[in-house]
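One structure is given below, encoded as structure tokens.
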Number of protein chains: 2
Amino acid sequence: MAIEDRMATIHEPRMHAMCGHDPEEAELFRSVLSRIGDKWSVMLVGMLHDGPLRFTELKQMTSGISARMLTHTLRQLERDGLVEREMFAEIPPRVVYRSTPLGKSLAVPVMAIAEWASAHQSEITGNRDRYDARDDG
Amino acid sequence: MAIEDRMATIHEPRMHAMCGHDPEEAELFRSVLSRIGDKWSVMLVGMLHDGPLRFTELKQMTSGISARMLTHTLRQLERDGLVEREMFAEIPPRVVYRSTPLGKSLAVPVMAIAEWASAHQSEITGNRDRYDARDDG
DNA sequence: CAGGATCCGTGGTGATACTG
DNA sequence: CAGTATCACCACGGATCCTG
């Protein structure tokens with residue numbers, strides 16, 4: 001049995017989610033995909049995976065992010081329950097963010113994507129270069 | 001050993017990709033994430049998983065998509081080598097799209113995300129409702 | 001039939017300045 | 001320190017009309 005056929009058989013029930021057959025589940029699925037597809041969420045969840053970090057630490061580690069987007073992205077992650085925010089009533093203020101069990105569990109399938117990307121890196125870049133070099137279309 | 005610790009240990013090398021330590025790999029990773037995070041790509045790859053389909057068939061199955069976005073998304077998928085396009089010189093024209101082995105292989109980790117979303121559906125929606133109902137912040 | 005061209009609204013993202 | 005407020009930009013996505 002070919003690998004593609006096994007994949008289709010094993011995961012057939014889940015394929016419907018990808019195709020949007022169940023409207024509710026499809027909407028949740030899409031909301032999750034768009035979250036991990038945004039510019040900073042995965043990077044932040046990854047950074048918080050090993051332990052809590054302060055706002056400024058996250059900002060320094062995440063090269064290129066603005067304070068505005070860091071705040072905004074952390075709020076979204078907090079809303080989904082992927083990240084917890086703890087604020088200390090001190091002067092100067094101190095806020096630490098930590099990954100929740102849900103956030104850590106998300107890291108598993110996300111890293112499956114990372115491994116897929118790594119495994120097919122040259123194939124993908126090759127495809128893109130070939131496509132961009134085409135003169136037809 | 002706790003599940004979180006095992007996850008961190010097993011996948012630790014890949015965590016760096018999520019955090020963007022290797023610039024090249026991080027860029028590829030981000031491009032893959034943003035592709036599967038866009039509105040239609042995953043749905044189209046899912047639909048083509050079981051066999052080739054024509055442009056109009058895809059448009060009818062993908063409720064709500066515009067011809068413009070269908071064309072555009074298929075071009076992107078074709079560029080990455082996730083989808084193949086075959087045009088027949090007939091009148092009226094006929095174009096079929098089919099998933100490539102690369103596209104079918106991507107379905108595996110993507111469905112891991114789908115299963116994660118399904119498994120944590122109530123937890124996520126609960127978190128969101130609770131967050132939205134908060135009066136602080 | 002399978003698109004291309006064009007216009008346009010919205011939302012994501014960054015830059016800058018300001019604040020408790 | 002950890003944000004908020006404001007402005008500006010542009011890519012994403014939809015609507016409409018046109019074509020080989």
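Within every chain, numbering begins at 1; the chains are lettered A, B, ... in the order of the sequence lines, protein sequences first and strands thereafter.
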Which is it for Ile36(B) and Ile36(A) under the side chain to side chain contact (heavy atoms under 4.5 Å, CB included) test, yes or no, and what are the steps along the way?
-> CA-CA 9 Å; Ile36(B) 72 175; Ile36(A) 71 175; 4.3 Å; yes

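- For dG4(C), the OP1/OP2 oxygens have a side-chain nitrogen or oxygen of Arg75(B) closer than 4.0 Å.
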So which protein nitrogen or oxygen atoms get under 3.5 Å of nucleotides 13-20 of chain D's nitrogens or oxygens?
{"unit_1": "dG13(D)", "atom_1": "OP1", "unit_2": "Lys39(B)", "atom_2": "N", "d": "3.2"}
{"unit_1": "dG13(D)", "atom_1": "N7", "unit_2": "Arg68(B)", "atom_2": "NH2", "d": "3.1"}
{"unit_1": "dG13(D)", "atom_1": "O6", "unit_2": "Arg68(B)", "atom_2": "NH2", "d": "3.4"}
{"unit_1": "dG14(D)", "atom_1": "OP1", "unit_2": "Lys39(B)", "atom_2": "NZ", "d": "3.1"}
{"unit_1": "dG14(D)", "atom_1": "OP2", "unit_2": "Trp40(B)", "atom_2": "NE1", "d": "3.4"}
{"unit_1": "dG14(D)", "atom_1": "N7", "unit_2": "Arg68(B)", "atom_2": "NE", "d": "3.3"}
{"unit_1": "dG14(D)", "atom_1": "O6", "unit_2": "Arg68(B)", "atom_2": "NE", "d": "2.6"}

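- Taking Trp40(A) as the reference, nothing meets the ring-ring contact (aromatic ring centres under 6.0 Å, His included) condition, with sequence neighbours excluded.
- Within 4.0 Å of Tyr97(B), counting heavy atoms only, lie sugar-phosphate atoms of the nucleic acid but no base atom.
- Heavy atoms only, all atoms of each residue included: Asn127(A) and Leu102(B) are closest at ND2-CD2, 3.7 Å.
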Donor-acceptor list for residues 59-68 of chain A side chains, cut-off 3.5 Å, not counting sequence neighbours:
{"unit_1": "Lys59(A)", "atom_1": "NZ", "unit_2": "Ile65(A)", "atom_2": "O", "d": "3.0"}
{"unit_1": "Thr62(A)", "atom_1": "OG1", "unit_2": "Leu58(A)", "atom_2": "O", "d": "2.8"}
{"unit_1": "Ser66(A)", "atom_1": "OG", "unit_2": "Met69(A)", "atom_2": "N", "d": "3.3"}

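- Distance, Glu90(B) CD to dG3(C) C1': 16 Å, rounded to whole Å.
- For Val95(A), counting side-chain heavy atoms from C-beta on, the closest listed nucleotide (dG3(D), dC1(C), dG3(C)) is dG3(D).
- Leu74(B) has its CG atom 11 Å from the P atom of dG4(C), to the nearest Å.
- Residue Phe55(B) has its side chain nearest to dG3(C) when only dA2(D), dG3(D), dG3(C) are considered.
- Going from atom CG of Leu70(A) over to atom P of dG14(C) covers 11 Å, rounded to whole Å.
- Of the candidate nucleotides dG3(D), dC1(C), dC1(D), dC1(D) has the atom lying nearest to any side-chain atom of Arg54(A).
- Per the geometry, CD1 belonging to Ile91(A) stands 17 Å off P belonging to dT19(C), to the nearest Å.
- Considering only side-chain N and O atoms, Arg85(B) lies under 4.0 angstrom from the phosphate OP1 or OP2 of dG3(C).
- Side-chain N or O atoms of Ser34(A) include none that pairs as donor or acceptor with a backbone N or O of Gly37(B) at under 3.5 Å.
- Of all non-hydrogen atoms in Arg54(A) and Val96(A), the two that sit nearest each other are CG-CG1, 3.9 Å.
- Side-chain N/O atoms of Thr56(B) include none lying less than 4.0 angstrom from OP1 or OP2 on dC1(C).
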Between Leu77(A) and Leu44(A), is a side chain to side chain contact (heavy atoms under 4.5 Å, CB included) present by the stated rule, with each step listed?
-> CA-CA 9 Å; Leu77(A) 296 174; Leu44(A) 292 176; 4.1 Å; yes

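- Note: CZ (Phe88(A)) to P (dG3(D)) measures 12 Å, nearest angstrom.
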